[in-house]
There are 4 protein chains.
Amino acid sequence: MAQPDTVTRILDTAEVLFAERGFAETSLRNITSKAKVNLAAVNYHFGSKKALIQAVFARYLDPFTERFHAALDELEAEYAGRVIPLEVLLESMAKTVLDVPAERNSLKVFMRLLGLAYSQAQGHLRRYIQDHYGSVFSRFSELVRKATPELPEAERFWRLHFVLGTVIFTLSGLDALRDIAEKDYGDHVSVRELIRRLRPVVVAAMNAPLPDAAPDSLPAAV
Amino acid sequence: MAQPDTVTRILDTAEVLFAERGFAETSLRNITSKAKVNLAAVNYHFGSKKALIQAVFARYLDPFTERFHAALDELEAEYAGRVIPLEVLLESMAKTVLDVPAERNSLKVFMRLLGLAYSQAQGHLRRYIQDHYGSVFSRFSELVRKATPELPEAERFWRLHFVLGTVIFTLSGLDALRDIAEKDYGDHVSVRELIRRLRPVVVAAMNAPLPDAAPDSLPAAV
Amino acid sequence: MAQPDTVTRILDTAEVLFAERGFAETSLRNITSKAKVNLAAVNYHFGSKKALIQAVFARYLDPFTERFHAALDELEAEYAGRVIPLEVLLESMAKTVLDVPAERNSLKVFMRLLGLAYSQAQGHLRRYIQDHYGSVFSRFSELVRKATPELPEAERFWRLHFVLGTVIFTLSGLDALRDIAEKDYGDHVSVRELIRRLRPVVVAAMNAPLPDAAPDSLPAAV
Amino acid sequence: MAQPDTVTRILDTAEVLFAERGFAETSLRNITSKAKVNLAAVNYHFGSKKALIQAVFARYLDPFTERFHAALDELEAEYAGRVIPLEVLLESMAKTVLDVPAERNSLKVFMRLLGLAYSQAQGHLRRYIQDHYGSVFSRFSELVRKATPELPEAERFWRLHFVLGTVIFTLSGLDALRDIAEKDYGDHVSVRELIRRLRPVVVAAMNAPLPDAAPDSLPAAV
DNA sequence: TATGAATGAGGTTTCATTCAT
DNA sequence: TATGAATGAAACCTCATTCAT
C-alpha cells in the first residue's frame with residue numbers, strides 16, 4: 001500500500017495534535033480517529049499513552065543527538081584543542097536544530113514539543129529526556145564553559161537557561177506571535193527568519209556584563 | 001472562624017495545583033478535596049472550570065494591572081514628557097511584578113501561571129487575558145517604543161517577546177532549575193537574586209545590534 | 001412596587017417554561033433565574049418542585065372547575081330535567097375552556113399543560129388532578145351519557161377520549177402546526193378559528209356509526 | 001450465548017423505559033443497570049443519549065416506512081390510476097402499524113414512543129423524524145388528498161392532524177385509559193380491539209361537514 | 001419573610017486500557 | 001498482527017433541596 005504503516009501514522013498524527021493542544025488535552029481517540037487507525041493500536045504498538053509521548057520525542061531527539069554529536073566531533077577536530085568560540089557553538093546547534101525536522105518539514109512542531117516538555121512534562125517525560133539526552137547537553141555545556149571562561153559557573157548556568165527560555169518560548173508560541181506580528185507590523189516571518197533575529201540577541205545576552213555584586217541592597221537594585 | 005471562606009479556599013488551592021500540574025491535569029475533585037470543600041462549590045461559585053481558571057488569573061492580574069498603571073503614571077509625571085529610559089521601564093515592571101504576589105508570598109505560582117497561560121492556554125484563557133489586560137501591555141509597549149527609537153517596529157516586537165520568554169521560562173521553571181543550580185554550583189538563589197541576574201541580560205538583549213539584513217543567505221546565517 | 005409578588009412571578013414563569021419544555025426538562029434554576037427570584041424561593045413558597053407543578057395546574061383548573069360547574073348548573077336549570085343535547089354540552093365546555101385563561105391570555109399554555117398532564121404525568125400529578133377535578137368531569141360525563149343514550153357505555157367512554165385526544169393534541173401542538181399550515185397553505189388560524197374547525201369534526205366523531213361487532217375476525221377488520 | 005448482544009439489550013431496555021417514563025426521566029444509568037450492561041456501553045455504541053433515542057425510533061420506523069411504502073405500492077398497482085378510497089388508505093396504514101412491532105410484541109411501546117415524539121420531542125428528535133420519515137408521510141398525504149377532493153387544502157391538513165391526535169393520544173395513553181375502562185365498564189380492550197373502535201370515528205371525522213364559514217361571529221360559533 | 005451559601009446525589013460523557021478473537 | 005467490543009474510573013456539571021442568617 002502507498003500509505004505509511006500504522007506506527008508511523010500514529011506518530012505523525014500524535015505529534016501534530018500534541019503540539020497543537022498539549023498532552024492531556026489530546027486523547028488517544030483524537031489521535032487514532034484522525035490517523036484512521038484502530039483505537040487499541042496505540043496501546044498495542046506503544047503500550048501506553050506515556051510511551052507514545054516518549055516515542056514522539058525520540059523520533060526527533062534521536063537523530064538530533066546523533067547529528068549534534070557529529071557536529072561537535074567535527075568542530076573539535078577542526079579546532080584541535082583550541083577553544084571553540086561561543087558564536088560557532090551556537091551556530092552549530094542552530095544548524096542542527098534546523099536540519100533535523102527538515103526531513104519532516106515540521107520544525108514548528110518540534111519546537112512546540114520542546115516547549116511542552118518543559119511546561120507540561122509530567123515527570124515521566126522529564127526523566128526520559130534527562131536519561132536519554134542529558135549527555136549531549138552536558139557535552140555542549142562543557143564546550144560553552146570553555147568558550148566563556150570569564151563567566152562564573154553559576155552565572156553561565158543561568159544565562160544558558162535564560163537563552164533557552166527565549167528560544168523555546170518564542171519558537172513554541174510562534175504561531176500566535178506570528179499572527180500578531182503580521183497583523184500589527186505586516187511582518188511575516190519564517191522560522192529561519194526568526195532564528196536570524198534571535199542570533200544577535202542570544203549572543204548579546206550571553207556576553208552581557210555581570211550584574212552588580214550586591215545581593216543585599218535589593219530593594220533599590222531590582 | 002479562623003479559616004478563610006469557601007471562595008478563597010478554592011482559589012488558594014486551585015492556583016497551587018494549576019501551577020504544579022497544569023489545567024487539564026488538575027481536576028475539580030483534586031481542588032475541592034484538597035480545599036476541603038464540596039465538589040459542587042466550584043460550579044456554584046464560579047460557574048465552570050474555565051471560569052475558575054480565569055478567576056485565578058484575575059486575582060493576580062487585577063492588582064498587577066492597577067499597580068502597573070499607577071507606576072507608569074508616576075513615571076510619566078516624573079519624566080514630564082521626556083523619554084523614559086528603557087532600564088527604568090523594565091525596573092518599574094519588575095518591581096510591580098515582585099510586589100503584587102508578595103502579599104500572598106507566591107511569585108513562583110504567579111510565574112508558573114503566566115507560563116501556563118502561554119503554553120496551555122485553551123483559547124478561552126488567551127482571549128480573557130487579551131481582553132482584560134491587553135491595554136496595560138499596550139501602554140507599556142508604547143513607552144518602550146519611545147525608549148528605543150532606533151529599533152524597527154517589528155524588531156522591537158520580537159525582542160520584547162524574546163525577553164518575555166526568558167523571564168517567564170526562568171521564573172516559572174524556577175524550582176527545577178534552582179535545584180540543579182544548587183546541586184551543581186552550590187548556588188542558592190532567591191527570586192530577587194535571580195531578577196538581579198536577569199537585569200543586565202535583558203538590557204543587553206534589547207540593545208543587541210540589529211541582525212544582518214540578509215534573509216536569503218540563510219544557511220550561513222543560521 | 002409595580003411588579004407582581006414572588007409567588008406570582010414564579011407561577012407565571014413556571015407555566016411558560018413547563019409548557020415549552022416539559023417538567024423534567026425545566027429546572028428550578030431555569031424558573032427562578034428567568035423570574036428573577038431567589039433559587040430557594042420555590043422551595044420556600046411551594047415546598048417542592050412537585051408542589052409547584054400542582055400549583056401551576058391549580059391556577060388554571062380551580063377557576064375552570066368553578067365556572068364549568070356554574071355553566072352546567074345553568075344548563076340544567078334551563079333544560080329543567082330534559083336531556084341537554086350533545087352539541088350544547090360541548091359548546092358549553094368549549095366556552096368555559098376559552099374563558100378561563102382569557103384573563104391571562106394563554107390558552108395555548110393551558111392546552112400544553114393539559115397535554116403534558118397526560119403524556120408526562122409522573123403519577124403525583126395524575127393523582128392530584130384525579131382527586132381535585134375528577135368530580136366535574138364525572139358530572140359532565142353523566143350528562144353526555146344522557147345525551148347519547150344510544151351509545152354503549154364503553155363506546156362512549158372511548159369516544160370521549162378520542163375527542164379529548166384531538167383537542168389536546170391539536171391545541172397543545174398549535175404553534176408547530178400553525179407554522180406548517182401557514183407555510184404550506186397560507187392559512188393563518190387563531191385559536192378561535194381552530195375551534196370553529198374542530199366543532200363539526202368532534203360532533204361527527206361522537207355520532208359516528210358503531211363499529212362492526214366482530215372482535216374475532218380482526219385480521220381482516222384491522 | 002443465548003442472550004442477545006449488548007446493542008440489542010440496550011435498545012430493548014431503553015425503549016421500555018422511555019415508553020414508561022419519558023426521555024428525561026430515564027437516565028442512562030437506569031438503562032444500563034437494567035440491561036446489565038456497562039454504563040459506558042451506550043456512549044460506545046450510540047455516541048450519546050440523543051443518538052440512542054433516535055436509534056430506538058429507527059428500529060420501529062425503518063421497517064414501518066419500508067412496509068408502508070410497499071403497501072402503498074400495492075394499492076397504487078391495484079387501483080391503477082383510479083382514486084384509492086379513504087377507508088382503504090386508512091386501513092392500509094393501520095395494518096402496517098399493527099404489523100411492524102408485532103415481531104417484537106410491543107405495539108403499546110411503539111405508540112407510547114410516537115406520543116412522546118410529539119409531546120417531548122426535544123427538537124433533535126422532531127428533526128430526525130422529519131428528515132428520515134417525512135417522505136412516506138408526504139406520499140400518504142398526497143393519496144389522501146386525491147381521496148378527498150371535496151375538502152379544501154387547509155381543512156384537510158387540520159383534519160389529518162385532528163385524527164392523528166386522536167390516534168396518538170389514545171394509543172399512547174392506552175394503559176391508563178384501559179385501566180379506567182376496565183374498572184368502570186368491565187371493558188377490557190386490546191390494541192386491535194381499540195383500532196376497530198377507532199375506524200368509524202376516524203372516517204366520520206374526515207368526512208364531517210365543513211364548518212360554517214363565519215369566522216367573525218365567534219362567540220356564537222365556538 | 002427571604003436569601004446566599006452550601007450540599008449530596010446523580011446526570012452525561014470521555015478517558016485509557018484490556019480482552020477475546 | 002490487529003481489531004471491535006467492552007470496561008471501570010473519573011471527568012465536568014446540574015440537580016433539587018436544606019440551612020443559617
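Labels below follow one simple rule: chain letters A, B, ... track the order of the sequence lines, proteins then strands, and each chain is numbered from 1. Quick caveat, the model's predicted, so the values are computed rather than measured.
Rounding to whole angstrom units, CG of residue D:D5 and P of E:dA20 are separated by 18 Å. Separating the CZ atom of D:F46 from the P atom of E:dT12 is a distance of 15 Å, rounded to the nearest angstrom. Between the C1' atom of E:dC15 and the CD1 atom of A:I31 lies a distance of 12 Å, rounded to the nearest Å.
OP1 or OP2 of F:dA2 lies within a sub-4.0 Å distance of a side-chain N or O belonging to A:H45. Taking only side-chain nitrogens and oxygens, C:N38 never comes nearer than 4.0 Å to OP1 or OP2 of E:dA2.
Residues D:I31 and D:L52 form a side-chain contact, since some pair of their non-hydrogen atoms from C-beta on lies under 4.5 Å apart. Counting heavy atoms from C-beta outward, A:L113 and A:V56 have side chains that approach closer than 4.5 Å.
Between the B:H45 side chain and the B:A41 main chain, no donor and acceptor come within less than 3.5 Å of each other. At least one donor-acceptor pair closer than 3.5 Å links the side chain of B:R9 to the backbone N or O of B:K36.
Looking at every heavy atom in both residues, B:D62 comes nearest to B:Y133 through OD1-OH, 2.8 Å.
The closest side-chain donor-acceptor pair between A:H124 and A:Q54 falls under 3.5 angstrom.
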Worksheet item: Are C:F46 and C:I10 close enough, and set up right, to give a side chain to side chain contact (heavy atoms under 4.5 Å, CB included), and what steps lead you there?
Response: CA-CA 10 Å; C:F46 297 92; C:I10 292 174; 3.8 Å; yes
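Backbone-only contact: D:T6 has heavy atoms under 4.0 Å from sugar-phosphate atoms and none from a base.
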For nucleotides 14-16 of chain F, tabulate all protein N/O to nucleotide N/O atom pairs closer than 3.5 Å, reporting atom names and distance.
unit_1	atom_1	unit_2	atom_2	d
F:dC15	OP1	C:S27	OG	3.3
F:dA16	OP1	C:K49	NZ	2.8
F:dA16	OP2	C:L28	N	2.9

Worksheet entry | Dot-bracket notation for DNA chain E, counting Watson-Crick and G-U pairs under 3.5 Å, with | for partners on another strand | .||||||||||||||||||||
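Between C:D12 and C:R59 a salt bridge is recorded (basic side-chain N to carboxylate O distance below 4.0 Å).
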